[in-house]
Amino acid sequence: MVLTRSKSAINYKEVSDDEMGDLNVWGKGATTKEESQSETRPKRKKARISRSSRAAGGSKDRKTSRAGDPFTSLPLDTVYEIFGFLTPLELLQLSRTNKALRSFLMCKRSSIAWKSARAAVTPPVPICPKDLSEPQLAVLLFTKDCTVCGKSPTQCEYVWYTLRLRACKPCFQSSVIFGRTAAQQYSYLDDFRTVLEVLPGENMFQRAQRRVSPSDDYYLIDELQRISATVEQYHFRFEARVEGARQEFERFIEKSRSAASERISSAKTLRVWTEEFQRLRREVKHQLKEARKQEYVRFLLS
């Protein structure tokens with residue numbers, strides 16, 4: 001019995017022995033429906049490979065195409081020798097040219113190039129703080145880009161060194177909170193003043209060396225939320241009378257306070273360096289302007 005299909009339904013048709021012999025299913029000349037379709041089906045075309053991808057070793061993925069970059073294929077000694085003539089700003093701009101250079105300059109093994117670039121600046125750039133990477137320090141000191149959204153509007157001239165922030169107005173409002181406003185939001189915490197004391201804050205009067213209370217500083221919202229949540233968890237452990245919770249809380253407060261004081265100290269160093277760097281730039285511009293003026297005078301008198 002052979003199963004045959006029709007448009008309307010499935011029918012069962014009786015086949016005789018002679019007809020079954022004529023089918024010759026396992027014979028040499030027998031062909032099935034799938035085999036006949038595979039013979040008439042056109043062959044699949046191969047994907048074209050451009051000459052540039054062939055020179056790079058194929059186009060299987062992006063990594064193989066990046067490996068053909070002539071700059072990244074140089075020896076590391078040669079690359080670092082070239083980078084030694086660049087400033088941090090030039091290294092930052094170079095890292096934004098393509099993905100291969102970005103992945104190379106943003107990794108930790110390229111810290112030698114960033115250190116030599118910092119030393120080439122007059123005056124030399126201070127040592128990179130522990131909470132920042134070399135590219136982040138270059139963005140903070142040498143560009144006018146917003147460190148949150150990456151744009152460069154005209155409102156990003158002021159730098160909050162303690163907060164490690166240069167922000168446009170929308171990003172500043174979404175990233176920073178005033179101390180008194182935070183005190184109202186976190187009024188349920190009994191030790192909220194302790195939270196502000198262990199956080200690195202900054203105010204507009206630090207350049208004038210005016211001493212103000214912690215509630216008059218600005219703080220990063222992310223850091224404030226993280227420290228407040230940790231303090232709240234310790235309060236729950238105090239209520240549950242967990243053994244050793246008080247000692248852990250004191251160690252946490254001491255560690256956070258030392259980290260905040262270190263950030264404030266490094267912020268003062270960066271602020272002093274920036275003022276000296278800008279003063280030297282103004283002097284160099286003035287000297288170039290006077291030299292060009294004297295050249296014009298000599299040209300007119302000759």
Side-chain angles (χ1 to χ4, degrees), residues 47-153 156-157 159-168 171 175 220 222-223 259 262-263 266-267 269-271 273-274 276-278 280-281 284:
R48 293 183 178 181
I49 302 175
S50 60
R51 295 179 180 178
S52 59
S53 59
R54 286 176 185 173
S59 61
K60 292 183 180 180
D61 53 6
R62 295 184 178 180
K63 293 183 179 180
T64 55
S65 61
R66 291 179 203 164
D69 195 333
F71 189 81
T72 54
S73 60
L74 292 173
L76 287 178
D77 295 340
T78 307
V79 173
Y80 289 138
E81 187 69 22
I82 297 172
F83 289 164
F85 295 95
L86 303 179
T87 62
L89 179 60
E90 292 170 344
L91 278 180
L92 190 65
Q93 293 171 345
L94 186 64
S95 67
R96 295 173 177 176
T97 54
N98 57 35
K99 293 183 178 180
L101 286 173
R102 179 178 179 83
S103 61
F104 180 79
L105 288 172
M106 294 300 168
C107 63
K108 291 184 178 180
R109 66 178 180 178
S110 299
S111 59
I112 302 174
W114 291 97
K115 290 178 181 178
S116 60
R118 283 194 289 106
V121 180
T122 305
V125 183
I127 299 175
C128 183
K130 295 180 180 179
D131 59 299
L132 289 178
S133 63
E134 294 284 353
Q136 289 175 341
L137 181 64
V139 170
L140 191 66
L141 296 181
F142 296 100
T143 68
K144 293 185 178 179
D145 301 340
C146 176
T147 56
V148 180
C149 65
K151 298 180 181 179
S152 56
C156 287
E157 296 182 358
V159 182
W160 300 79
Y161 292 97
T162 305
L163 304 181
R164 315 299 197 215
L165 182 69
R166 180 195 285 108
C168 57
C171 294
S175 304
L220 291 176
D222 295 340
E223 293 182 350
E262 186 176 354
R263 276 181 61 174
S266 63
T269 305
L270 294 176
R271 188 180 296 109
W273 177 88
T274 303
E276 182 66 16
F277 178 73
Q278 292 176 352
L280 291 177
R281 284 190 63 184
V284 171

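Note: hydrogens, waters and symmetry copies are ignored here, and every other heavy atom, side chains too, is used.
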Closest heavy-atom pair and its distance - Leu140, Leu165: CD1-N, 3.9 Å

Donor-acceptor contacts, no H, no angles, side chain residues 77-92, under 3.5 Å, sequence neighbours left out:
{"residue": "Tyr80", "atom": "OH", "partner": "Arg109", "partner atom": "O", "Å": "2.9"}
{"residue": "Thr87", "atom": "OG1", "partner": "Glu90", "partner atom": "N", "Å": "3.3"}
{"residue": "Glu90", "atom": "OE1", "partner": "Thr87", "partner atom": "N", "Å": "3.0"}

Pairwise distance CD(Glu134) to SG(Cys128) - rounded to 0.5 angstrom: 4.5 Å

Can Arg164 and Glu223 be said to form a salt bridge (Lys or Arg N to Asp or Glu O under 4.0 Å), step by step? CA-CA 12 Å; Arg164 315 299 197 215; Glu223 293 182 350; over 6 Å; no

Could you tell me which non-hydrogen atom of Thr97 sits nearest to which non-hydrogen atom of Leu101, and how far apart they are? OG1-CD1, 3.2 Å

Please examine the side chains of Pro135 and Ser95, heavy atoms only from C-beta on, and report whether any two atoms are closer than 4.5 Å. no

Under 3.5 Å, is there a donor-acceptor pair between the side chain of Ser116 and the main chain of Ile112? yes

Derivation and outcome, side-chain contact (heavy atoms from CB on, under 4.5 Å), residues Thr274 and Val159: CA-CA 10 Å; Thr274 303; Val159 182; over 6 Å; no

What is the minimum heavy-atom distance between Arg96 and Asp145, and which atoms define it? NH1-OD2, 3.4 Å

Rounded to the nearest 0.5 Å, how far does CD1 of Ile127 lie from CZ of Arg118? 7.0 Å

State whether the side chain of Arg166 and the backbone N or O of Thr143 hold a donor-acceptor pair below 3.5 Å, judged by distance alone. yes

Taking atom CG of Leu163 and atom OG of Ser175, what is their separation to the nearest 0.5 Å? 10.0 Å

For Trp273, check ring pair (Phe, Tyr, Trp, His ring centres under 6.0 Å) against everything at least two apart and list the hits. Phe142, Phe277

Search all heavy atoms of Arg271 against all heavy atoms of Thr162 and return the closest pair with its distance. NH2-OG1, 4.4 Å

Could you walk me through whether Leu270 and Leu137 satisfy the side-chain contact (heavy atoms from CB on, under 4.5 Å) test, starting with their C-alpha distance in whole Å, then the side-chain angles of each, then the deciding distance to 0.1 Å, before giving a yes or no? CA-CA 10 Å; Leu270 294 176; Leu137 181 64; 4.1 Å; yes

Interatomic distance, Met106 atom CE to Ser133 atom OG [nearest 0.5 angstrom]: 7.5 Å

Indicate the atoms forming the closest heavy-atom contact of Thr122 with Leu280, along with that distance. O-CD1, 3.9 Å

Would you say Asn98 and Phe104 make side-chain contact, with heavy atoms under 4.5 Å? no

Stepwise, does the side-chain contact (heavy atoms from CB on, under 4.5 Å) test hold for Glu262 with Asp131? CA-CA 10 Å; Glu262 186 176 354; Asp131 59 299; over 6 Å; no

